[in-house]
Amino acid sequence: MEKGLLAYIWNNTRKQQLWILLVVAVSMVPYFLSFDLPKQIVNGPIQGDGFEGAGATQLFMHISFDLPYIGEVTLFPGVELDRMSMLFALSLVFLLLVVINGLFKLYINTYKGRLGERLLRRIRFDLVDKVLRFPPGQFKRVKGAEVASMIKDEVEPLGGFTGDAFVSPAMLGGQALTALVFILVQNLWLGIVAALMVGIQGFIIPRMRRRLLVLGRERQLTARELSGRVSEIFDGIHTIRSYDTSNYERADVAERLGKIFKIRYDLYQWKFLVKFINNFLASVTPFLFYSIGGYLALKGQLDVGQLVAVISAYKDLPGPLKDLIDWDQTRQDVQVKYVQVVEQFSVEDMLEPDIQKLALTTEPVADASIAAANLSLADDSGAQLLTGVSATIHAGETVALVGSAAAGGEALAEALGRILWPTSGRILFGGEDIRILPESVTGRHITYAASDAYMFQGTLRDNLLYGLKHAPLAEAVYDEEATKYRKWALAEAKQAGNPLYDINSDWVDYRAAGASGPEDLSRQISEILDAVQLSRDILDLAIRTTVDPARYPDVAERIVDIRRALRQELEHNGLKDLVVYFEPDSYNTEATVGENLLFGTAVGPEMTGPALRKNKYFLSFMRSTGLDLTFYKMGFAIAENAVDLFGDLPPDHPFFQQLTFMTADEVPEYQQLLQRLRGKRFEDIADDDRVQIIRLSFFYIEPRHRFGLLTRDLMTRIVEARHEFYAGLPPELTGALERYDPHKFMLAANLMDNVLVGRISHQHPDGAERIRKILAELLHSLGLYEQVLSIGLDYNVGAGGRRLTMVQRQKLNLARAVIRRSSCYVLNAPLASLDARLKNQILRNVLKLFDERGDKPTVIWVLSDTSMATFFDRILVFDRGKLVEEGTHDALMRSNGVFKELVS
């Protein structure tokens, strides 16, 4: 990127700038005519100049030129008009000039805006492109929030300035010069006065505004630092709360905000001082015009029409002049911002653009061996991580890197994955230095995964297949309207210098996953998830998800078959009492009172949470059946029992995990509520207090809470009330509840509720786990397992994958690496958070999977547990940044060296 903003703008928008400058030049003609026309109207039709005699006329729109050697050339002879007709004709011309000038401004401003937005788009893309080419160490030196703030906010004014960079000085300068020349033509002295005041404003104001630039630069830097600090608070919130440093952080933020306030306050003071002086100088000139011009008019040296025209012209002079001064300040301001941004993004050792060039395909690697030649690595502080290491790992070999903490194996793995660059020596892949190999080779043939797994916001599937999205391999299909938009978008992207890639195309390289297309990719996904033992987690997410019948029609259509098969399986295994089913004419003892009463799942917001408690029909139904009093008494008893049992326990006591109807924080609130309500009649209790008590009964389950509050008579009464509730349901609420029905699919229920149409009995502590196991087996036998797994893969992982546990993130990260068919895998302790048993099992599964594929990849695995090294062909042992031993497991055990010490 160019060092100067104006040079960057000119180089990227030269043709557009020349065109708009031409339009500006043409617009000066009607602009000048609009100044002269008021004089003609006042002196001509109004004062009668040229209409002295009765019935006098003048030519309107007579256009002729005197040319050398040719004489007078008449383009239009004109029209004879009397005094009144001339007045209206000139007034209409004046109106026409106003419209023309307005249209010119509309076109110029619109064109400038589009030009600015295009260049802003180009700048932002160029900066993101540079981020993608940063050397690895740069990401450890800068904060992501500060970089994002620069790309999003700090370059925003640059786009607004782009359209004004050359057009504004030409247009505003042309308008100011036109007005000034017109004034000079009308009267020399008034022209000199106007020119003198313009010169004073042009000299004083820009110099006073230099202080504003300095303050603006300080404001920008402090705001950027604040953005980075807030990002640190967000990322480190658990550390802050763990160490009780939240008030320290508040003090730090308050200090930074104080600095920003001081800078902004000084900025406002100086800004309005400059504005006051500028407005004063602009107001002095009309005073001089009225006094000096009036004097000349009284002396007969200036006619009234000229004075009116001069004052009218000067009214248009301060505006362009002020805008021109503002333009110069903006130019200096955005130049400073541009230079600061460019300096931040001008980094040494940046990747060359050709290294990241798009490649639709890549040739197979003939030699997948990796060699380190006298390799040395260091961190940002210069501390040596690895010194003079030379080693060769042959194609198809499985190699374990072991050593104590920070021994050097992790650093070597990072260098092999191009996360860390050598300070000396080289790393060769297939005989080529990986520093100069394009990413289409290293990024597809060398797969790197570490324990610090980062997940992008999106679904599990998006993150799992992320490593397969190298290039758009199949074009997206659009309808007619979308095709028109796509063509427009491509044209705009080309104008802005952006790539023409379509994000809606299919970017997934199915062949790289061992699939022929999207139709058989699910089998590969299932195989990988089983290997890393993530299938169960995803299945758990799937059964808690509501299923879209349009997307998964087979699951929705066969839900009744799954239900029937599950019930038969439970009966066959003697587990009939494991699930208590919802039946229209019976009370489900394992469900809550609320579930038994409503007997369905809420589809819309009308019958859920606070809305239900305010629903007019529901409230009238409760009153008419007397259930409001019944549930109030039950809720009151529940509150008394809960307060007696849990009132003296600390909030973190494990017993509160069993309390589903009340949180630990609500216990003291209900304690006070009970004291306030004791002895009061039901009719005298406030509606809010009544609701607070009644709501407790809706969450009550007798076999779980065991307060003895549900009698047979009450359960029968609730079932009868259920029928009354649906019998009187008004038409507007018929779609708000979806009733439990064992013979159909329920749109509002999750997959587990759809399969069970009941509740798991609390008499079986491991009931939920047994149901999941049986359900997984049934899905396999019915051929629906992969589809249900696909439902779980639609789960959104959240920002940075925070909706997943650390163990799940590391499993998913390893699955993302293994699903690619690469020539070489560099796995840098990818399962650090897992226990030894699970880590051992997954490692064996993955190595077995590689063997079964038959492509015999090179595998380099950094082990935190040396006992697992026995599964590898060869072991490299590191100690204090050096390669101290290498060989097979048996050979190293016989040598009695460092490896044997690590194992023991």
Side-chain angles (χ1 to χ4, degrees), residues 14-46 49-50 58-68 70-79 81 86-115 163-188 190-191 194-195 198 303 305-324 327:
R14 184 185 298 109
K15 292 181 180 179
Q16 294 88 342
Q17 297 287 357
L18 289 173
W19 164 250
I20 199 64
L21 287 173
L22 176 62
V23 173
V24 168
V26 173
S27 71
M28 290 298 109
V29 176
Y31 187 72
F32 181 87
L33 294 176
S34 66
F35 286 148
D36 190 60
L37 204 56
K39 182 187 75 172
Q40 295 183 34
I41 294 173
V42 172
N43 289 342
I46 293 177
D49 188 10
Q58 284 190 0
L59 285 175
F60 173 70
M61 293 293 290
H62 174 71
I63 304 173
S64 62
F65 300 98
D66 284 327
L67 298 177
I70 297 177
E72 184 176 355
V73 177
T74 302
L75 297 180
F76 184 70
V79 180
L81 296 177
M86 182 64 79
L87 173 63
F88 285 107
L90 290 176
S91 298
L92 287 173
V93 171
F94 181 80
L95 180 62
L96 178 63
L97 289 175
V98 170
V99 173
I100 291 173
N101 285 326
L103 290 175
F104 267 112
K105 286 183 179 179
L106 175 63
Y107 178 81
I108 291 169
N109 288 330
T110 303
Y111 195 91
K112 287 194 307 179
R114 185 169 62 176
L115 192 62
D164 296 326
F166 299 98
V167 176
S168 285
M171 186 174 181
L172 297 173
Q175 290 177 346
L177 188 60
T178 300
L180 192 59
V181 168
F182 180 80
I183 294 171
L184 283 167
V185 169
Q186 305 309 310
N187 186 272
L188 178 63
L190 292 180
V198 166
D303 59 56
Q306 286 178 312
L307 181 59
V308 171
V310 166
I311 293 174
S312 176
Y314 183 76
K315 283 176 62 180
D316 285 345
L317 181 59
L321 183 63
K322 176 181 177 298
D323 291 341
L324 195 60
W327 173 87

>> The criterion is side-chain contact (heavy atoms from CB on, under 4.5 Å); which residues satisfy it with V23, sequence neighbours excluded?
In response: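 Per chain and number, V23 pairs via side-chain contact (heavy atoms from CB on, under 4.5 Å) with W19, I20, F104, Y107, I108.
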> What distance do L103 atom CG and K105 atom NZ have between them, rounded to the nearest 0.5 Å?
Replying inline: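 One gets 11.5 Å once the value is rounded to the nearest 0.5 Å.
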> How many angstroms lie between atom CG of L22 and atom CD of Q17, to the nearest 0.5 angstrom?
Replying inline: 13.0 Å
Please output the side-chain donor-acceptor pairs of residues 86-93 that fall under 3.5 Å, not counting sequence neighbours, one pair per line with the distance.
from, atom 1, to, atom 2, distance (Å)
S91, OG, L87, O, 2.8

> Which heavy atom of S27 sits nearest a heavy atom of N101, and at what distance?
Replying inline: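 So the two residues come closest at O-OD1, 4.1 Å.
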